[in-house]
Amino acid sequence: MQRRNFVKLGGAAAALQFLPSIGFSQQGEVFRIGSLTPITGAGSPYGPGMQQAIRLAVDEVNAAGGAGGRKLELFTEDDQTKPDAAVLAAKKLIEVNKVQAVLGTWASGVTLAVMPLTDAAGIIQMNVSGAPAISTLDTKDLVWRFQATNDRFGAAFAEICTKRGFKRPATMAFNNASGLGNVEGFTRVWEKRGGKVAAHVTYEPNRPSYRSELQKILATKPDVIVMGSYLPDTTIILREWFQSGADTKWIIPGWAANPDLVKALGAEVCEGIISVDTVSNEKSASYAQFDAAFTKATGKAASTNIYAAMAYDMVISLALAMEAAGPKATVEQVNAKMRDVSNAPGTAVFTFAEGKAQLAKKAKVNYEGASSKLDFDKAGDVTPDFGVFIIEKGQLVRRDVVSITL
Amino acid sequence: MTWIDFVNLLINGLIEGLVVALPALAMTLVMGVNRFPNAATGDMMTTGAYAAVAVQLLGGWPLWAAALGSMVVTALVSAGSYTLIFRKLAGRPMVSSMLAAIGLGFLLRSLIGFFAGHDQRTFDLPLVRAWNFGGIRILPTDLAIAAVAAACLLVVFVLIYRTSFGRQLRAVADSADLARASGIRANGLMLSLWLLVGALSSLGGVLLGMKAVVSPEMGWESLIPAFAAMVLGGIGSPVGAVLGALLLCVAQELAVPLMGPSYKLVLSFVVLALVLLVRPAGIMGRVQLVR
């Protein structure tokens, strides 16, 4: 092919790409949603289920006749759990597909990389990331977080320490925003209640050994060590702790203290470790309904992937905000309704159809989500409940659920 | 801090140093003879660790046998990489070989990630409690690691300083042209060197995997400490590489009471900078004007 022809064809192809979107915007009857979940990479155990949940919710909204007079249209991309790949995918969603919301980013690094793009485009961003920085960088209030912040994880650790009667906690944290966020949240709440923290140790990643760090912390004789860590470093630390023969207790976030940890270390080492993770809003009608739909679609219970319920709630709360904002509302007007439809006061609703019916009667609604009660604070963050899991004979057994107030 | 705590830190540093010494020695051998920093050394460690995991999973062998098997596999990979890549680049500037090594590292890491996944793995190894001598704690596993590393270093030194293979290697390292003129055949010699380097790196990977966890990035991440140890010891000096590794690791462990664990790496690089300021050629290196 000659170069001139190639350029012409390429130009024509590029022009064609924009045609459908022009058509849609003129009709004004579709709201375009981009699903940006980790299908590959470290988040791959969760991303596909999240994407499925988003699809289920979109179908549910469309089956109820759409929101604010518009049907939802879904575009899906893989963020690969990598900020660079996520930025490329987000650009494609925003510039080519002209989406009005990007839903489902999982890793904090990915969300932080995508936020400037969605902010600049003036569209809504919804994520399940933990980094506290996301709240402070969200200057336009377009970012909504459906998972607890690391800070809230820390507050839950403090609540659990009080409940279980620990007196001398010490903290160990991986030197990044997530690890430090956990232990700083813990320290703040623990000290506000008059407690003292025996020692803080912050460690660098990728060490072959953490014996000197352990030696430093165990020298202060803590009765429990509160962690802000990941799986590989937790594996090394616990192995060396067990070998050294000390007998402290451990409180570890759920992403580090999981079945993989037990597989790597064996049941004896892990016995009695307290693993903390958020739990879905399991007693709600919305969860029951989502669980049934998710199980039917994937063959797995919703409890196998806590992020799926959060992804589902993203679409439902967004659709309710669209319904409340009315037909032809701009993204900004929809965004402004997010708290109105999710937070108290208002009639509690558990499905999109219920909420739509209530809104038609001009009533104020309060969507109780499948993932949490879904009340957004000033920063657009929610506060889910936390499950307390104890590792017993190699199994994670849930012993308690705690709620925190901030 | 009491003296007991210091002794414990010293022991940690020595054991870490022995583990770092193996890849540092592998790098310095290649640097001395082939004259380029082999950036694939770290990924050769990873290859070795994964080969050992695979042998354990498939054959159910005990770890020592799996480690021997992985040394054979990695030695072959290493010699293969020399034959296919580095021999062809021998006459070119150092940068081309170094870039090729970085590329080889990427290739190995991606292959491992593709076939074995990115989840961490561990060796099938019983956990034993530490021996406690009045507060000085020694892990039996660490002792085994130190013993294996030290034995391996001894074997390599005997090879280099007491055999004709070593004499020929040193001759080539001193002057390749002179060595050729005196009838040393380079090809077989180079293949043996790369087999040795592969086996060394592999053992380093297995020992690191015993202490930490096995993951596709493990070797790449330990490349910088090994490189620093090589530079500190004097580039191309085998004894220097081992001394450099020990010195760096002990220094960073002893820095813990002073500056805390988050910055101990910094201190090891301060030591590196200071030694190089005083002795630019490194501890055991010779100052060379023009090569």
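Order of the sequence lines fixes the chain letters, A, B, ..., with proteins taken first and strands second; residue numbering starts at 1 for each chain.
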Under 4.5 Å from any heavy atom of chain A - which part of B/Thr141: side chain

Best-contacting candidate, A/Arg207, A/Glu204, A/Glu268, against chain B by heavy atom pairs under 4.5 angstrom: A/Arg207

Top contributor to chain A interface from B/Asn132, B/Asp119, B/Val256 [non-hydrogen pairs under 4.5 Å]: B/Val256

Residue selection (most heavy-atom pairs with chain B, distance under 4.5 Å) from A/Ser209, A/Gly41, A/Pro205: A/Ser209

Choice from B/Gln120, B/Lys211, B/His118 maximising heavy atom contacts with chain A below 4.5 Å: B/Gln120

Atom group of B/Val128 that falls short of 4.5 Å from chain A, counting heavy atoms: backbone

Donor-acceptor pair between A/Ser212 and B/Lys264 side chains, under 3.5 angstrom: yes

Most contacts with chain A, counted as non-hydrogen pairs under 4.5 angstrom, among B/Met210, B/Glu16, B/Glu217, B/Arg121: B/Glu16

Full working for side-chain contact (heavy atoms from CB on, under 4.5 Å) between A/Phe242 and B/Arg129: CA-CA 7 Å; A/Phe242 176 82; B/Arg129 300 277 192 179; 3.3 Å; yes

Heavy-atom pairs under 4.5 Å with chain B, option from A/Asp260, A/Asn206, A/Val269, A/Asn175 with the top count: A/Asn206

Under 3.5 Å: donor-acceptor pair, side chain of A/Arg239, backbone of B/Ala212: yes

Distance-minimising heavy-atom pair for A/Leu265 and B/Leu127: O-CD1, 4.0 Å

Contact summary for B/Ala130 and A/Ser244, nearest pair of heavy atoms: CB-CA, 4.1 Å

Structural part of B/Ser262 lying under 4.5 Å from a heavy atom of chain A: both

A/Gln243 versus B/Leu139, closest heavy-atom pair with distance: OE1-CD1, 3.1 Å

Within 6.0 angstrom of B/Trp61 CH2, more than 12 heavy atoms from elsewhere: no

B/Phe123 atom CZ: more than 12 heavy-atom contacts under 6.0 Å: yes

Rounded distance (nearest 0.5 Å) linking atom OG1 of A/Thr202 with atom OH of B/Tyr263: 8.0 Å

Flag if over 12 foreign heavy atoms under 6.0 Å of CZ, B/Phe114: no

Salt bridge B/Asp5-A/Lys216, side-chain N to carboxylate O under 4.0 Å: no

Whether A/Arg211 side chain and B/Leu9 backbone form a donor-acceptor pair below 3.5 Å: no

Non-hydrogen side-chain atoms of A/Val201 and B/Pro261 separated by less than 4.5 Å: yes

Heavy atoms from other residues, nucleotides or ligands near CD of A/Glu191 exceed 12 (cutoff 6.0 Å): yes

Interface moiety of B/Asn8 toward chain A, non-hydrogen atoms closer than 4.5 Å: both

